[in-house]
A.B. asks: 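I'd like to ask you about the structure that follows.
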Amino acid sequence: MADLNAHQKSAVHYIDGPLLVLAGAGSGKTRAITRKIAYLIQECGLAPHQITAVTFTNKAAREMKERVSDLLSSEQTKGLKISTFHTLGLNILRYEHALTGLTPGFTILDAQDAEALLKELCKKSHSDEINEVRAAQWCISSWKNNLLSPQQALSQAEDELVADTARLYADYQRTLQAYNAVDFDDLILRPVQLLLSEPEALERWQNRIRHMLVDEYQDTNLCQYELIKQLVGVRGALTVVGDDDQSIYAWRGARPENMAQLKKDFPRLKVIKLEQNYRSSGRILRSANQLISNNPHLFDKALWSELGPGDPIRILACKNEVHEAEQVAMEILHHRISKRTKFSDYAILYRGNHQARLFEKSLRENNIPYFISGGTSFFARTEIKDVMAYLRLLANPDDNAAFLRIINTPRREIGASTLEKLADYARQRGESLLNTCNAFGLEEHLSSRPRERLQQFSHWFQQTQQRAESDDPIAVIRTLLQDIDYQGWIDDNSANRESAKRRWDNVEELITWLNNLHKGELQEKSLAEMVNHLTLMDVLERQNEEEKSDQVTLMTLHGAKGLEFPHVHLVGVEEELLPHHSSIDEDNIEEERRLAYVGITRAQRTLTISYACKRKRFGELIRCEPSRFLKELPEEDLEWSGRKSKLSEEEQQKRGSACLSSLKALLAE
DNA sequence: TGGGGTGATATTTTT
DNA sequence: TATCACCCCA
């Protein structure tokens with residue numbers, strides 16, 4: 001405990017009731033949480049399995065696990081439950097499946113699968129009003145996050161479109177149940193419904209959890225909060241850590257009000273503030289504080305630091321967006337040489353993903369290694385989704401979504417009209433598509449050729465299912481892929497050799513992951529368990545690999561939360577971009593300000609903010625204003641570059657080449 | 001079934 | 001401007 005400050009210590013030691021830790025940016029909240037877990041085990045006599053800690057991302061969960069195991073022996077951490085909300089929900093559902101009408105092999109549909117299913121359902125019945133499936137999906141998701149049933153949603157609907165969407169929601173939930181499937185939101189929602197309606201289950205889980213810890217608490221939505229409340233019960237053994245100034249997910253249902261709500265629901269709530277910042281130098285911190293003081297606050301908090309003032313904050317005014325990207329690349333090259341830093345000390349943070357492209361270009365042109373965090377995840381790739389769909393169907397024969405995905409991949413000459421007839425008959429019999437392939441009486445609906453094809457598939461699949469019951473899962477998967485010659489299918493369907501190779505490598509990597517899960521410490525036994533585990537996972541392992549090498553990090557402000565970098569470039573700090581124009585329209589400047597605040601507080605030693613005066617947008621060149629947030633920073637801590645000297649373009653070019661030659665001189669040195 | 005043409009549409013994203 | 005989904009046709 002020696003390396004904790006007094007406030008951190010009291011947060012760790014306080015176990016008499018519910019505790020809210022208001023942890024400012026860089027105040028060592030992860031340290032406090034991990035110490036508290038260690039304290040509960042070592043000093044308070046709790047067994048590791050009685051402690052549940054939840055985070056929002058796999059990455060955060062993994063980091064927390066690592067840091068706890070640095071403090072404790074492996075014996076002391078055995079059974080400790082540190083996971084994401086969704087994994088916690090999955091575990092509850094898995095254990096209590098009998099009470100929910102799900103069978104153990106149930107499928108988790110990811111957002112993509114769910115969208116495809118909704119599209120399908122729309123086509124069938126709700127077509128007229130709903131032409132925006134994604135909007136409907138978003139709407140249904142927020143209903144779920146706000147604990148609204150389809151009936152409630154319908155009764156609250158104010159117009160026909162919403163009413164239709166509510167009916168789609170009802171249809172969607174029915175279909176999911178029929179498929180023996182849940183979506184991501186259900187992983188939280190269904191456990192909540194279960195705990196509310198089944199007192200025995202509630203008691204079981206409340207007894208199991210003797211202390212609960214929640215990270216990034218300001219990001220919880222209503223449904224997640226309800227889950228916490230149910231699990232904690234009257235005992236109130238709860239520690240939550242959060243920072244309302246870093247709430248940047250209100251747009252997807254997060255409720256920073258949950259921090260205030262806690263006080264109402266747990267009157268005994270103790271509040272501890274962590275205000276000493278260990279990350280950033282003084283000027284950076286002062287700027288952040290001053291910026292965020294323009295927002296109203298639920299709780300007052302004043303961050304301070306002992307790290308000394310540090311460098312002023314550089315503001316780069318750039319001619320246009322191309323220029324901005326070049327400048328930033330130049331600055332990084334220059335700075336790295338003169339300060340003898342590593343590329344991995346730098347991060348370029350931006351509001352929207354599309355901004356990455358320009359920086360990618362300029363970094364590449366200057367031979368600066370970089371990696372872009374975000375983008376298509378491993379599990380969204382077609383080849384991975386295909387293989388996963390085969391596995392899903394093995395685990396859950398009712399998973400019609402998986403069936404539809406793979407029935408004609410690779411090609412089996414089973415077309416849309418065949419499937420439609422099959423689906424009609426399946427609905428009539430109340431059975432899954434897979435089952436219906438062999439159903440009695442199918443010949444009345446389908447002519448012999450397509451029927452034979454379906455039966456051939458189903459026959460082969462049955463054999464595979466049988467093998468899956470006894471054989472090693474990995475061997476089953478390998479045989480399955482050989483049977484369908486999936487590698488051949490990839491070869492035939494890739495643009496070129498390289499992409500074919502890459503895609504097959506991805507499949508191999510998936511198998512490696514499955515293998516690790518199977519042999520790993522968690523001992524995931526069944527295919528279903530492994531498949532569900534993988535659905536909730538993401539790129540974390542490979543991201544990890546990339547972080548290790550010396551590269552500049554490019555990511556969105558949202559992606560940067562929870563991270564820190566010695567040198568940060570905050571780019572595109574313009575009106576309409578940060579704050580984003582849609583937030584300006586919706587009068588939601590505060591969240592944008594918090595976003596800027598998150599960006600600033602990522603910086604440890606230097607912060608460079610840049611903006612362009614002109615920018616191409618949707619094909620046309622528009623004039624840009626520097627962000628209003630710049631005016632909210634303390635002028636005396638800023639160092640302007642570019643704007644105040646009214647250089648002609650020509651002269652700027654000269655300066656650019658002067659910069660380049662001085663750089664070359666440095667390199668030669 | 002896949003390619004090419006067409007028209008809509010441009011945040012943030014985890015699980 | 002650039003992308004992407006969708007539709008139609010060969």
Side-chain angles (χ1 to χ4, degrees), chain A residues 54-61 83-90 93 108-116 119 123 131-135 137-138 141 144-145 182-189 215-216 219-221 223-224 227 247-254 321 349-358 373-377 379-380 408-416 489 492-495 532-540 543 555-562 572 576-586 588 591-592 594-596 598-599 615-622:
Chain A
V54 284
T55 62
F56 279 86
T57 64
N58 286 308
K59 199 175 165 190
S83 72
T84 61
F85 267 102
H86 294 265
T87 303
L88 173 64
L90 171 62
L93 272 190
I108 302 167
L109 295 187
D110 67 19
Q112 233 182 53
D113 302 326
E115 191 190 331
K119 206 174 280 174
K123 237 190 270 173
N131 41 24
E132 286 286 339
V133 176
R134 301 192 86 135
Q137 183 178 26
W138 189 86
S141 173
K144 286 185 173 185
N145 290 335
V182 297
D183 67 13
F184 280 143
D185 297 320
D186 287 335
L187 286 175
I188 319 284
L189 176 63
D215 191 19
E216 303 280 11
D219 288 340
T220 51
N221 60 37
C223 193
Q224 287 157 340
L227 182 65
S247 158
I248 53 175
Y249 285 109
W251 54 273
R252 67 172 197 216
E321 78 276 24
L349 307 179
Y350 37 80
R351 176 67 230 258
N353 275 315
H354 65 278
Q355 290 170 264
R357 250 181 245 147
L358 285 158
S373 166
T376 6
S377 91
F379 288 94
N408 209 26
T409 305
R411 210 158 302 142
R412 296 189 181 90
E413 298 184 287
I414 298 169
W489 159 259
D492 296 344
N493 286 282
S494 301
N532 281 346
H533 193 130
L534 281 184
T535 310
L536 293 185
M537 276 226 264
D538 216 24
V539 270
L540 70 171
Q543 237 177 33
M555 64 168 91
T556 63
L557 289 165
H558 286 90
K561 192 166 73 153
E576 306 275 295
L577 212 50
L578 182 69
H580 196 273
H581 67 85
S582 49
S583 292
I584 297 174
D585 294 347
E586 286 163 31
N588 196 11
E591 183 145 316
E592 298 288 314
R594 289 192 290 266
L595 210 41
V598 166
R615 186 179 288 275
K616 233 182 206 165
R617 199 137 148 245
F618 306 147
E620 66 184 329
L621 197 66
I622 54 160

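As a basis for the values below, the full set of heavy atoms in this structure was taken, side chains included, without hydrogen atoms, waters or symmetry mates.
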A.B. asks: In whole angstrom, what separates A:Asn353's CG from B:dT9's C1'?
C.D. replies: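 Those two atoms, CG and C1', are 17 Å apart.
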A.B. asks: Can you tell me, in whole Å, how much space there is between the C1' of C:dT3 and that of B:dT14?
C.D. replies: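 Looking at atom C1' only, C:dT3 and B:dT14 are 24 Å apart.
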A.B. asks: Are any of the side-chain heavy atoms of A:Glu321 and A:Gln355 separated by less than 4.5 Å?
C.D. replies: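 No; the side chains remain at least 4.5 Å from each other.
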A.B. asks: Could you tell me how far apart A:Arg615 (CZ) and C:dT1 (C1') are, to the nearest whole angstrom?
C.D. replies: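 Atom-to-atom, A:Arg615 to C:dT1, this comes out as 14 Å.
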A.B. asks: Hey, are the side chains of A:Val182 and A:Leu93 touching, using non-hydrogen atoms and a 4.5 Å cut-off?
C.D. replies: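 In contact.
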A.B. asks: Please state how far atom CD in A:Glu620 lies from atom P in C:dA2, giving the value in whole angstrom units.
C.D. replies: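 Rounded to the whole Å, the gap is 14 Å.
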A.B. asks: Check every strand shown and say whether A:Phe618 touches a base, only sugar-phosphate, or nothing at a heavy-atom separation below 4.0 Å.
C.D. replies: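 Base, at least one base heavy atom under 4.0 Å.
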A.B. asks: Please confirm whether the shortest side-chain N or O distance from A:Asn408 to OP1 or OP2 of B:dT1 is below 4.0 Å.
C.D. replies: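 Indeed, a polar side-chain atom of A:Asn408 lies that close.
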A.B. asks: Nearest-Å distance, CG (A:Leu227) to P (B:dT15)?
C.D. replies: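 Result: 17 Å.
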A.B. asks: Using a strict threshold of under 4.0 Å (side-chain N to carboxylate O), is an ion pair present between A:Lys561 and A:Glu216?
C.D. replies: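 Yes, charged N to carboxylate O under 4.0 Å.
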A.B. asks: For B:dT11 and C:dC6, measure between their C1' atoms and round to the nearest Å.
C.D. replies: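 Result for the C1' pair: 24 Å, nearest Å.
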A.B. asks: Where the side chain of A:Phe184 is concerned, which of B:dT15, B:dT12, C:dT3 is the nearest nucleotide?
C.D. replies: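 Output: B:dT15.
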A.B. asks: Heavy atoms only, 4.0 Å cut-off, all strands: where does A:Thr57 land among base, sugar-phosphate and nothing?
C.D. replies: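 Here A:Thr57 touches the backbone only, sparing every base.
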A.B. asks: Would one find a side-chain N or O of A:Ser583 under 4.0 angstrom from OP1 or OP2 of B:dT11?
C.D. replies: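 The answer is no; no side-chain N or O of A:Ser583 sits under 4.0 Å from OP1 or OP2.
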A.B. asks: For A:His558 and B:dT12, say yes or no: do the ring centres fall under 5.5 Å of each other while the ring planes differ by less than 30°?
C.D. replies: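 So A:His558 does not count as stacking on the base.
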A.B. asks: Look at the side chain of A:Asn408 and the backbone N and O of A:Glu413, then say whether any donor-acceptor pair between them is shorter than 3.5 Å.
C.D. replies: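 At least one qualifying donor-acceptor pair exists.
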A.B. asks: Going by the angle between their ring planes, with limits at 30° and 60°, are A:Phe56 and A:Phe85 parallel, tilted or perpendicular?
C.D. replies: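 The rings of A:Phe56 and A:Phe85 sit tilted, inter-plane angle from 30° to 60°.
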A.B. asks: Regarding A:Glu576, tell me which of base, sugar-phosphate or nothing describes its non-hydrogen contacts under 4.0 Å with the strands shown.
C.D. replies: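 The residue A:Glu576 makes no contact with any strand.
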A.B. asks: Between A:Lys119 and C:dC6, is there a contact of a side-chain N or O with OP1 or OP2 at under 4.0 Å?
C.D. replies: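 Looking at the OP1 and OP2 atoms of C:dC6, one of them is under 4.0 Å from a side-chain N or O of A:Lys119.
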A.B. asks: How long is the line joining NE2 of A:His580 and C1' of B:dT11, in whole Å?
C.D. replies: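 To the nearest whole Å, that distance equals 4 Å.
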A.B. asks: Expressed in angstrom and rounded to an integer, what is the separation of A:Arg594 atom CZ from B:dT12 atom P?
C.D. replies: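 A:Arg594 atom CZ is separated from B:dT12 atom P by 18 Å.
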A.B. asks: Write down the distance between CG (A:Asp185) and P (B:dT14), rounded to a whole number of angstrom.
C.D. replies: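 Checked: the CG to P distance equals 15 Å.
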A.B. asks: Of the options B:dT11, B:dT15, B:dT13, whose atoms approach the side-chain atoms of A:Thr84 most closely?
C.D. replies: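 Of B:dT11, B:dT15, B:dT13, B:dT15 is nearest to the side chain of A:Thr84.
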A.B. asks: Sticking with atom C1', work out how far B:dT12 lies from C:dA5, rounded to a whole angstrom.
C.D. replies: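 Pairwise C1' distance, B:dT12 against C:dA5, rounds to 22 Å.
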A.B. asks: How close or far is atom P of B:dT14 from atom CG of A:Asn221, stated in whole angstroms?
C.D. replies: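 These atoms are roughly 16 Å apart.
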A.B. asks: Which residues pass the ring-ring contact (aromatic ring centres under 6.0 Å, His included) test with A:Tyr249, not counting sequence neighbours?
C.D. replies: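 Applying ring-ring contact (aromatic ring centres under 6.0 Å, His included) to A:Tyr249 gives A:Trp251, A:His558.
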A.B. asks: Report the nucleotide, chosen from B:dT12, B:dT15, B:dT11, that has the shortest atom-to-atom distance to any side-chain atom of A:His86.
C.D. replies: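 For A:His86, the side-chain atoms sit closest to B:dT15.
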A.B. asks: Should A:Arg411 be listed as having a side-chain N or O under 4.0 Å from OP1 or OP2 of B:dG2?
C.D. replies: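 Yes, within the criterion.
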A.B. asks: Between the base of B:dT12 and the ring of A:Tyr249 - centre-to-centre under 5.5 Å, planes within under 30° - is that a stack?
C.D. replies: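 A:Tyr249 ring does not meet the centre or angle cut-off for B:dT12; no stack.
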